2 protein chains.
Amino acid sequence: MPATLNSVAVAAGVSTSTASRALSGHPSVLPTTRARVEAAAAALRYQPNRTASALRTRRTGLLGLVVNNLRTATFHTIAETLQSWAGDHDYQVLVCTTGGNPDREADFLRSVRAHHFDGVVVAGSGANTDLVNGLVEDGRAVVTMNREVPGSLAPSVMSAYEQAARLATEHLIGLGHVRIGVIGGPPEVTSGRLHHAGFTAAMAAAGLPVDPDLVHRGPFTPDVGQAAAKELMAHPEPPTALLVSNHEASFGALPALGERGLEVPGELSVVCTEDEPFYSWWSPPLTTVDNRAALQAQRAAALLLAQLTGAGVDEPVRRAELVEPLLVVRGSTAPPRVS
Amino acid sequence: MPATLNSVAVAAGVSTSTASRALSGHPSVLPTTRARVEAAAAALRYQPNRTASALRTRRTGLLGLVVNNLRTATFHTIAETLQSWAGDHDYQVLVCTTGGNPDREADFLRSVRAHHFDGVVVAGSGANTDLVNGLVEDGRAVVTMNREVPGSLAPSVMSAYEQAARLATEHLIGLGHVRIGVIGGPPEVTSGRLHHAGFTAAMAAAGLPVDPDLVHRGPFTPDVGQAAAKELMAHPEPPTALLVSNHEASFGALPALGERGLEVPGELSVVCTEDEPFYSWWSPPLTTVDNRAALQAQRAAALLLAQLTGAGVDEPVRRAELVEPLLVVRGSTAPPRVS
């Protein structure tokens, strides 16, 4: 008879739940405890039966999706892509938008567990590691995306944010821009941190200095974008190009540029990241780095399905996928005007 | 002891379920059966106890929301407003987007029932009357909005579509426009039918003829909007003003106008209905008739809460609320150029 998780727990002198957490690498388990559980598992030749667990949890056909909002194209593209996919696989994806509030996200993750959802995709606040890992350990299919959940045991799909900002910056440098303004997200958030790293890496690779006056980083709101755009344009030596690295900031920055009657790209080249349908309807249509949100959602769906059906679950569950962004050159970028 | 639904059913010689459907006016019950049940209910002085029913069904704290898509501002505003409201009332609103597919909507409505959701808001296809009414009869809180569900027993919240198109048309007529082009939704859908009625009423009231060449009606897609805009502009005597009466059509029509380099409002005044954040970022900012989607959602939330808490349920449940739209004049409308 094969060893059970319970027999491992008894042998190691811990609870079943602790044994499960120890074997899945949960950070809350002390290293000495983990070593004891791993030794017991090895001695008993314990093999976690993930397939049985996956089949056992196929109870409701319900899957959850957490998103911070439904205003930005990234989130509603993820939601629509997952819901369309789910319809083809006899699942339903129920969406919870949280306004980025970790407490509302936590309430939803508790509901996912309480109401026996088969799985959940978390494109949320980046908080709630314990709840995410609790779902993983409970045998639910879990995928995180868009923002890292530090310490998460679930596989993840992320946009290659660093590459996105690098592509955008290299495009501007290639056109001859030297003074490049940036409006970006806060450093404590995955995309904010990595977009900034991509920008500075591209500048450094070209031997260009970064003028701290031209770099504005703040929360994902239109107000932050608007204030930053106004400040950049009021600079005594304004930038000749602008990189706006999130949707929300662009919603404030673009109208601010429009209000000033600024000629784009004549006076200012503009690149936005993440893409939005309206970017191509802007006048001129905006050059962008598309984060391919639909492809991200398809990859998340594949990771979810693998867990739901038990396919490929002998491999380590923890996987991090990066989706490469695409530079889409439209009409808002040009060489700087020679003054 | 007050009469129960069961005693009414026994007296009328029907099942409890049929008795319930007969008393709630469900169309599937034969008139003769309904008369028998109503007579039995009257004889026994049966009083439906809606409060107890509402309290009894407060099981899960889950509410559903059906929307056709999450791309248009109306739907994501409804979703975000309801989810934010729900958070304040210890409920969770789980959103299902269906792509407008009645079958996916039906699957979700069955899940709402099977998983004991306490209620649902249906801003969907307009189909699935039986499933909607089944939820009402089962004691769930149900509100329909955005599109009429013919024969529904649930209270509804609708935008005053006719008034919206009338306001937009009167605004254009007031500026001196006579040849007004229209891109609208299909006649079989509530908003398509009523927007058209509002347009023709305003034209008739001003004694202006409607040129059928200038009226394009079709499904809610950007392609329809794009093709219609191109055809209108290619007309030998093109309109001097354009009313685009749904988001989806505007997503195709506006870029088509931009591509032609058409001067707005110099060569063409443009009004869109329903509002979208990007309408105010367009160049020039677009005059619009705002459907006040957040207010619609707040009204739906109030109707939902009344059913959930049993407040006001002695009044007839069936209520239809209309939310009045607001004309927001921005930069895309002006008097026609004198040629």
Side-chain angles (χ1 to χ4, degrees), chain A residues 60-62 64-65 67-73 75-84 86-88 90-99 101 103-104 107-108 110-112 114-117 222 250-259 261 264 276-285, chain B residues 60-62 64-65 67-73 75-84 86-88 90-99 101 103-104 107-108 110-112 114-117 222 250-259 261 264 276-285:
Chain A
T60 59
L62 299 181
L65 168 66
V67 292
N68 290 335
N69 69 65
L70 291 169
R71 279 183 307 278
T72 60
F75 289 126
H76 58 69
T77 301
I78 289 172
E80 294 201 338
T81 305
L82 281 175
Q83 292 196 317
S84 173
D88 297 337
D90 201 21
Y91 282 97
Q92 291 187 5
V93 173
L94 303 183
V95 184
C96 173
T97 102
T98 62
N101 180 340
D103 294 336
R104 280 172 58 193
D107 284 343
F108 177 68
R110 285 188 203 101
S111 281
V112 160
H115 296 293
H116 307 290
F117 282 42
S250 79
F251 298 164
L254 292 169
L257 301 179
E259 273 168 34
V264 174
E276 265 283 345
F278 92 86
Y279 286 173
S280 60
W281 311 334
W282 188 254
S283 181
Chain B
T60 59
L62 299 182
L65 168 66
V67 293
N68 291 335
N69 68 66
L70 291 169
R71 278 183 306 279
T72 60
F75 289 126
H76 59 66
T77 301
I78 289 172
E80 292 200 340
T81 305
L82 281 175
Q83 293 196 316
S84 174
D88 296 337
D90 202 21
Y91 282 97
Q92 291 187 5
V93 173
L94 303 183
V95 184
C96 173
T97 102
T98 62
N101 181 339
D103 294 337
R104 279 172 58 193
D107 284 343
F108 178 67
R110 284 188 204 100
S111 281
V112 160
H115 295 294
H116 307 290
F117 282 43
S250 79
F251 297 164
L254 293 169
L257 301 179
E259 274 169 33
V264 175
E276 266 283 344
F278 92 86
Y279 286 173
S280 60
W281 310 334
W282 188 254
S283 182

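Bear in mind that the values here come from a model prediction, so they are computed numbers and not experimental data. Letters A, B, ... mirror the listed sequences (proteins, then strands); counts begin at 1.
- Residue Phe75(A): no heavy atom, backbone or side chain, is found under 4.5 Å from chain B.
- Heavy-atom distances place both the backbone and the side chain of Ser84(A) under 4.5 Å from chain B.
- The two residues Thr97(A) and Asn69(A) make their nearest non-hydrogen contact at CB-CA, 4.3 Å.
- With a threshold of 4.5 angstrom between heavy atoms, Asn101(B) does not approach chain A through any atom at all.
- The two residues Leu70(A) and Glu80(B) make their nearest non-hydrogen contact at N-OE2, 2.5 Å.
- Using a 4.5 Å cut-off between heavy atoms, Gln83(A) contacts chain B through both its backbone and its side chain.
- Between His76(A) and His76(B), the shortest heavy-atom distance links the atoms CD2-CD2, 4.3 Å.
- Each of Gly64(B), Ser111(B), Ala79(B) has some count of heavy-atom pairs under 4.5 Å with chain A, and the biggest count is that of Ser111(B).
- With a threshold of 4.5 angstrom between heavy atoms, Phe108(A) approaches chain B through its backbone and through its side chain.
- Salt-bridge formation is not detected for the pair Arg104(B)/Asp107(B): no Lys NZ or Arg NE/NH1/NH2 atom is positioned less than 4.0 Å from an Asp or Glu carboxylate oxygen.
- Shown here for Glu276(B) and Thr72(B), the closest heavy-atom pair between the two residues is OE2-CA, 3.6 Å.
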